[in-house]
Structures are given as C-alpha cells and as structure tokens.
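Computation of the quantities below employed the complete heavy-atom set of this structure, encompassing side-chain atoms and omitting hydrogens, waters and symmetry-equivalent molecules. Everything numeric in this text was worked out from a predicted model, so none of it was measured. Each chain gets a letter, A, B and so on, in the order its sequence line appears, and its residues count up from 1.
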There are 2 protein chains.
Amino acid sequence: MTEELGDAFASDLLRGHTDTIVLGVLQRRDRYGFEIYKAIRDAAGGDHEIKEATLYAAYRRLEKDGLVEAYWGDETQGGRRKYYRITDAGRAVFRRNVGAWRATRDIIDTLLGSRD
Amino acid sequence: MTEELGDAFASDLLRGHTDTIVLGVLQRRDRYGFEIYKAIRDAAGGDHEIKEATLYAAYRRLEKDGLVEAYWGDETQGGRRKYYRITDAGRAVFRRNVGAWRATRDIIDTLLGSRD
DNA sequence: TCAGGTACTATAACAGATCAAGTACCTGAT
DNA sequence: ATCAGGTACTTGATCTGTTATAGTACCTGA
C-alpha cells in the first residue's frame with residue numbers, strides 16, 4: 001500500500017471483510033456468483049473493487065464452513081449460473097461479524113481522529 | 001476468519017489500515033515504537049490488538065517510504081527508545097488515506113446494511 | 001531473586017487477495 | 001459471417017500484511 005501517489009491504495013482496505021460482505025449481499029435473496037460480484041462492484045462505484053478470483057475463493061470458503069449452500073440454476077440454454085443461499089449458520093455469523101465490523105470501524109475512526 | 005464460534009475474528013479486520021493508524025497516532029507529536037503500540041492497544045480496548053511485530057514491520061515500511069523519520073531518544077540510562085516523526089509526505093498520505101478510509105467505511109456500511 | 005512490564009528486533013510461516021490465464025456462452029455491431 | 005465485449009465460472013502461482021515464535025536487554029516492585 002501507500003504507493004508513490006496515484007491509486008492502488010484501497011486494495012487491502014476491504015480485506016477481512018469479504019466473507020461478511022458476501023453474506024450481507026445474500027441476506028435478502030439467493031444470488032449467483034457473478035451477480036454478487038456486480039452488486040459489490042456497483043456499490044463500491046469504480047474503486048474498491050473486489051476481484052472475481054477473490055470472491056470465488058470466498059464462496060468456496062463460505063461453503064466449506066457451511067455458511068452458504070450452492071446450487072446450479074436451471075438455465076436450459078446459455079451460461080450456467082451457480083447460486084448461493086445463506087444458511088442459518090451463515091446468518092448467525094453475519095450478525096456477529098456485523099458487530100465486529102462496527103467495533104472495528106469505531107476504533108479506526110477514533111485512531112484516525114488522532115486524539116490523545 | 002469465521003472460526004467455529006468463539007473469537008479469532010478481528011484479526012484481519014484492521015489489516016491494510018495499520019500504516020494509516022500509525023500515521024494518525026503520530027499526527028500530534030512524536031512517539032516511540034512501544035508507545036504507539038500501547039496507544040493503539042488502549043484505544044482498541046482489549047480485542048483488536050495490533051501485534052508488536054506488525055507495528056515494527058509498519059515502521060520499517062513507513063520509514064522506507066519516507067512517511068516517517070526515526071531517531072533514537074537520549075535516554076542516558078534504561079532501555080533505548082526509537083522515536084518516530086511524521087514527515088510532510090506522511091501527512092499528505094495520511095490525509096489521502098483518511099479519505100480512502102471514509103469511502104471504504106461507507107461502502108461496507110452500505111453492503112452490510114444488505115440493501116438491494 | 002524473580003516475575004512482569006518495558007522496548008526493540010529478526011525469521012519463518014500463514015492466509016486472504018490478486019494476477020494471469022483459461023473455458024464457454026451470448027449479443028450486437030461491422 | 002466475424003469479432004469485440006460482456007457474462008459466468010475456475011484454477012494455480014504469486015504477492016504481501018500479519019502473526020507466531022524467539023531472542024536480547026533493561027528496569028521496578030514484591
């Protein structure tokens with residue numbers, strides 16, 4: 001991070017929150033992988049993109065941990081789509097992680113406010 | 001992350017912000033390494049600790065990039081202390097990174113609010 | 001004397017994120 | 001008919017911040 005001057009900061013800033021972000025996107029309804037990618041990309045508005053490879057790694061991790069379940073869509077023709085559904089365990093972890101996020105956020109806010 | 005259930009989340013959540021946090025702590029006045037460590041640990045209140053090794057790595061990185069300058073304190077007896085002073089370049093990067101942090105924070109807030 | 005805190009450093013390993021590349025399908029423009 | 005570009009998913013190597021672990025050295029209070 002902290003390049004000469006330009007961009008490239010913002011890479012690691014979302015790190016550690018990827019799984020929680022994915023779970024957040026899946027709260028409302030099932031989504032397929034690329035759809036999640038686009039949802040995050042659009043919400044982030046250009047910068048702060050989470051790369052596809054990062055997300056697919058996250059899907060595998062979440063599935064392995066039983067926080068999401070995957071199933072193939074029934075697209076008869078055209079590209080296949082793999083959908084993800086959040087599990088009860090996933091919702092529990094999500095709630096917990098949102099709490100952790102808020103705590104982290106407040107700590108960083110405090111530290112960057114550079115108080116004594 | 002996302003262990004069975006317990007703790008251990010909170011490790012990677014500060015990741016990527018370490019350098020900026022250190023710069024933030026140095027805004028007001030020079031501090032020595034261990035002092036910065038304690039300031040962050042106290043602000044974080046138990047959890048969300050940034051480990052010593054992480055910080056010393058950050059100091060080296062910041063010094064290499066010219067964002068801080070280091071000098072030894074004049075403690076005649078007792079343990080030596082290495083002080084860090086933020087440079088003008090460091091202040092510029094800090095301002096920029098605070099902006100990046102706010103943007104990141106808002107994005108995560110949005111995504112974890114799980115809107116459509 | 002000795003536990004525990006202060007203070008700094010170095011090395012190897014871990015894990016999430018990214019790079020780079022690939023496969024495959026579809027639509028719209030030339 | 002071709003071809004660029006978007007959709008959609010995957011894999012393997014690599015990068016890098018963080019951590020584990022260990023070490024050195026000094027000081028204070030019990």
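Taking only side-chain atoms of A/Tyr84, from C-beta outward, the nucleotide of D/dG17, D/dT10, D/dT7 with the closest atom is D/dT10. The listed nucleotides are C/dA15, D/dT19, C/dT9; the one nearest the side chain of B/Trp72 is C/dT9. Residue B/Phe34 places its side chain closer to C/dA7 than to any other of C/dA7, D/dA8, D/dT18. Candidate nucleotides D/dT18, C/dT18, D/dA8 were compared by shortest atom distance to the side chain of B/Arg15, and D/dT18 ranks first. When distances are taken from the side chain of A/Arg61 to each of C/dT18, C/dG16, D/dG17, the shortest belongs to C/dG16. Nearest nucleotide to the side chain of A/Arg80, out of D/dT16, D/dT10, C/dT18: D/dT10. Checking C/dA7, C/dA17, D/dT10 against every side-chain atom of A/Tyr56, the shortest atom distance belongs to D/dT10.
Using cut-offs of 30° and 60° for the angle between ring planes, the B/Tyr83 and B/Tyr32 rings count as perpendicular. Ring planes of B/Phe34 and B/Tyr37: tilted class, angle from 30 to 60°.
Looking at A/Tyr59, its side chain does come within 3.5 Å of a backbone N or O of A/Gly33 through a donor-acceptor pair. In this structure a side-chain-to-backbone donor-acceptor pair under 3.5 Å is present from B/Thr87 to B/Leu67.
Between the OH atom of B/Tyr32 and the C1' atom of D/dA25 there is a distance of 16 Å, given to the nearest Å. Between the CG atom of A/Leu55 and the P atom of C/dC19 there is a distance of 13 Å, given to the nearest Å. Taking atom NZ of residue B/Lys64 and atom P of nucleotide D/dT16, one finds them 10 Å apart after rounding to whole Å. The interatomic distance linking A/Tyr59 (OH) with D/dT10 (P) rounds to 10 Å, in whole Å. We find that NZ of B/Lys51 is positioned 17 Å from C1' of C/dA12, with the value rounded to whole Å. As a whole-Å value, the separation of B/Ile36 CD1 from C/dT6 P is 15 Å. Rounded to an integer number of Å, the gap from A/Arg81 CZ to C/dT23 P is 23 Å. Distance B/Asp42 CG to C/dG5 C1': 14 Å, rounded to the nearest Å.
In terms of the salt bridge (charged side-chain N to carboxylate O under 4.0 Å, His left out) criterion, residue partners of A/Asp30 (sequence neighbours excluded) are, by chain and number, A/Arg85.
Of the side-chain N and O atoms in A/Thr54, none sit less than 4.0 angstrom from OP1 or OP2 of C/dG16. The shortest distance between the side-chain N/O atoms of B/Thr18 and the OP1/OP2 oxygens of D/dG17 is not below 4.0 Å. Note on B/Arg60: every side-chain N or O is 4.0 Å or more away from OP1 and OP2 of D/dG17. For B/Lys38 and C/dG5, the shortest distance from a side-chain N or O to OP1 or OP2 is not below 4.0 Å. Within the 4.0 Å cut-off from OP1 or OP2 of D/dT10, at least one side-chain nitrogen or oxygen of A/Lys82 is found.
Here B/Tyr84 contributes atom OH and B/Ile36 contributes atom CD1; the two are 7.0 Å apart, rounded to the nearest 0.5 Å.
Residue A/Tyr37 is classed as having no contact, given no heavy-atom separation below 4.0 Å to the nucleic acid. A/Glu52 comes within 4.0 angstrom of a nucleotide base, judged by non-hydrogen atoms across all strands.
A rotation axis mapping the C1' atoms of four pairs onto the next four is fitted at both ends of the helix from C/dT1-D/dA30 to C/dT30-D/dA1 over five pairs, and the angle between these axes is 10° to 10 degrees.
A heavy-atom distance below 4.5 Å is found between the side chains of A/Arg105 and B/Asp109.
When A/Arg81, A/Arg29, A/Lys82 are each tested for a salt bridge (Lys or Arg N to Asp or Glu O under 4.0 Å) with A/Glu35, only one passes: A/Arg29.
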